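For reference, the structure is listed below as structure tokens.
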Amino acid sequence: MITLKDPSLLKQQAYVNGQWIDALNGETNPVLNPATGEQIATVPDLGVEETEAAIAAAEVAFKSWKKKTAKERSVLLRKWFELIVANKDDLAILMTAEQGKPIAESAGEVVYGASFIEWYAEEGKRAYGDVIPSHAVDKRIIVTKEPIGVTAAITPWNFPNAMITRKCAPALAVGCTMIIKPAEDTPLSALALMELADRAGIPAGVISVVTTKRPIEVGKTLTDSPIVRKLSFTGSTPVGKQLMRQCADTVKKTSMELGGNAPLIIFDDADLDKAIPAAIASKYRNSGQTCVCANRLLIQSGIYEEFAQRYAAEVAKLEVGNCSEGEFQQGPLINRAALDKVAMMVDDAVAKGARVIAGGKPHELGGNFFEPTIVADITNDMRLAREEIFGPVAPLFRFETEEEAVQIANDTEFGLAAYFFTRDYARVFRVSEALEYGMVAVNDGILSTEVAPFGGVKESGTGREGSKYGMDDYLEIKYTLVGGL
Ligand SMILES: NC(=O)c1ccc[n+]([C@@H]2O[C@H](COP(=O)([O-])OP(=O)(O)OC[C@H]3O[C@@H](n4cnc5c(N)ncnc54)[C@H](O)[C@@H]3O)[C@@H](O)[C@H]2O)c1
Ligand SMILES: O=C[C@H](O)CS(=O)(=O)O
């Protein structure tokens, strides 16, 4: 049972063309609390017909939405931002109930998600073009930036609020419209955002949320439609690749925020009093279920044992529990399959000679809970070295030299986030420039902010979200030549 100050924020219908609707087939999809397995809500199982209706509504709405001035759109986005912040507590309760993360993290995500709407409400007024010095005396060259048009977003369960606002805020700010398909596990946060968008006065059809337990079918409807001119996806790399293939037939623009395998490197000269709490935050945020979590901890040999001992002492303080019922630092994994995968990765490492120094198995609470874990003496043949863990497991690698650390760090198909700790400022520039990642944090464990470009290289994706760069993903460049002057 979810208790909200404003119970009307718990929506159990999809939001299409400004209307709350059920599925045409009357089917629904249960929404479960991952901490208890109990059903907390149901949402409609929309399919092709409803998705096509959402696309058609977005196409109609685009014609008038793009004609509003950036300032007029800004006023509505600002109102939406203010309503989200005003309802932060209820949105956090909803998020923890459907995703499991600690309430404080849910509240933090609501504020982080709202910050993209706040940022792009202003940035949308700065979609500047150019006037280029002409090549001919009787001609003028004007470059303008125009909204791409109808866009689609497919988003993951681990940040069910911010991964949506990080996409729809720049899209709406520049005049695009958007159809969102949230993750089946966590639709309630998306629907609550739509209720507040409606209250803010964002017109019907500008933004819709299609809930479904048929993501492939709905996804294909979005990727196959020639009306949809852009797809923004956040999720796993294999699904991202499939969606890029599907978008090729209509030459859609795509933004891909995909998987990660973040190295967190601690050199001998690092300040461990700062590096250890940062490494805890980076690894165990959302119970390790973030794309930018430290996925491999690379510790220089001179401090390896001291770090392992001090890190284990801090990990032992992490309390695990149902975050809807108490203040814990670690919640459940999203489902049983996720828990089984993490357990198998730890078992694989131990079978190949790794050493568990904290946790190492499913938590005594049962269900989807896993013990906060540290595994030492990791080698490159282990799954913990090669795969995105997406769980509360810290694999410790030992290295001798800076060159070896960079080589290990770059030895992956991923390139999203990387972290390193040193007090040598020549090394700061050497290592940051050598790391093949879209984002590098030095002497810090958290790098996500709306003012900076979030995104990866290699198989972690394309495009950026946040900052002025994130707006370019929703704009087309038009060149106009005025002749006969
Ligand atoms: N780079 C980032 O910013 C970022 C942020 C969050 C999560 N992620 C990544 O997402 C993954 C975890 O999230 P997840 O398990 O939800 O990922 P996922 O790829 O399984 O699912 C993501 C979304 O895609 C949908 N989906 C799945 N298969 C589809 C298909 N064939 N066609 C259309 N839609 C489909 C799902 O319903 C969900 O809405 C991790 O790899 C994580 O690194 C990346
Ligand atoms: O999981 C991926 C998210 O992008 C994490 S963050 O909230 O942006 O740090």
Side-chain angles (χ1 to χ4, degrees), residues 29 51 95 99 101 105-106 108-113 115-116 152-167 180-187 189-190 209-224 231-247 254-262 281-282 285-295 333-335 337-338 341 387-391 413-417 419 437-439 441 444-450 452-466 470:
N29 188 16
T51 304
M95 187 186 303
Q99 198 273 343
K101 66 178 71 172
E105 286 191 29
S106 290
E109 182 186 336
V110 170
V111 171
Y112 172 58
S115 72
F116 289 95
I154 298 176
T155 55
W157 50 262
N158 63 336
F159 286 83
N161 175 298
M163 296 306 97
I164 288 175
T165 59
R166 206 159 79 171
K167 298 174 187 305
I180 298 158
K181 192 217 71 69
E184 305 86 275
D185 293 314
T186 55
S189 297
V209 165
V210 172
T211 58
T212 185
K213 58 187 173 190
R214 294 175 276 167
I216 295 173
E217 188 178 319
V218 167
K220 193 127 182 30
T221 304
L222 295 169
T223 56
D224 289 356
L231 171 71
S232 182
F233 172 73
T234 296
S236 63
T237 293
V239 174
K241 290 180 178 179
Q242 176 57 33
L243 291 170
M244 289 176 82
R245 282 189 283 267
Q246 290 175 206
C247 287
T254 64
S255 295
M256 292 284 148
E257 293 289 350
L258 306 178
N261 183 3
S282 175
R285 181 162 71 106
N286 200 7
S287 300
Q289 301 171 114
T290 95
C291 58
V292 291
C293 277
N295 206 61
L333 300 190
I334 190 65
N335 55 39
K341 179 186 172 189
E387 298 177 33
E388 184 176 46
I389 299 165
F390 242 58
E413 67 273 28
F414 294 106
L416 190 58
Y419 310 83
Y437 288 83
M439 301 177 286
D444 207 318
I446 302 289
L447 47 64
S448 304
T449 167
E450 76 282 6
F454 188 105
V457 298
K458 297 164 69 175
E459 296 197 15
S460 287
T462 60
R464 291 295 183 268
E465 296 186 327

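Values in this document were obtained by computation on a predicted structure and should not be read as measured data. Start at 1 and go down the list; that is how both ligands and their atoms are numbered.
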List, for ligand 1, each N/O atom that has a protein N/O partner under 3.5 Å away, with both atom names and the distance.
| residue | atom | partner | partner atom | Å |
| --- | --- | --- | --- | --- |
| ligand 1 | 1 (N) | E257 | O | 3.4 |
| ligand 1 | 1 (N) | L258 | N | 3.2 |
| ligand 1 | 1 (N) | L258 | O | 2.8 |
| ligand 1 | 3 (O) | R166 | NH2 | 2.8 |
| ligand 1 | 10 (O) | G235 | O | 3.3 |
| ligand 1 | 10 (O) | S236 | N | 3.4 |
| ligand 1 | 15 (O) | W157 | NE1 | 2.9 |
| ligand 1 | 16 (O) | W157 | NE1 | 3.2 |
| ligand 1 | 17 (O) | S236 | N | 3.4 |
| ligand 1 | 19 (O) | S236 | N | 2.9 |
| ligand 1 | 19 (O) | S236 | OG | 2.7 |
| ligand 1 | 37 (O) | K181 | NZ | 3.0 |
| ligand 1 | 37 (O) | E184 | OE1 | 2.4 |
| ligand 1 | 39 (O) | T155 | O | 2.7 |
| ligand 1 | 39 (O) | K181 | NZ | 3.0 |
| ligand 1 | 41 (O) | E388 | OE1 | 2.6 |
| ligand 1 | 43 (O) | E388 | OE1 | 3.2 |
| ligand 1 | 43 (O) | E388 | OE2 | 2.5 |

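For the residue pair S460 and G415, the shortest heavy atom distance occurs at OG-N, 2.8 Å. Closest heavy-atom contact between E109 and N161: OE2-N, 2.8 Å. The nearest pair of heavy atoms linking S115 to E450 is OG-OE1, 3.2 Å.
Side-chain atoms of Q99 and N286 include a donor-acceptor pair closer than 3.5 Å. For the residue pair K167 and T234, a side-chain donor N or O sits within less than 3.5 Å of a side-chain acceptor on the partner.
Under the ring pair (Phe, Tyr, Trp, His ring centres under 6.0 Å) criterion, Y437 pairs with no residue, sequence neighbours left out. Residues satisfying the ring pair (Phe, Tyr, Trp, His ring centres under 6.0 Å) criterion with F390, sequence neighbours excluded, are W157.
I216 CD1: 12 or fewer foreign heavy atoms inside a 6.0 Å radius.
Remark: R166 qualifies as a cation-pi partner of F454 under the 6.0 Å distance and 45° angle criteria applied to the six-membered ring.
Sorted by chain then number, the residues whose non-hydrogen atoms approach ligand 2 to under 4.0 Å are Y112, N158, F159, M163, R166, R285, T290, C291, V292, S448, F454.
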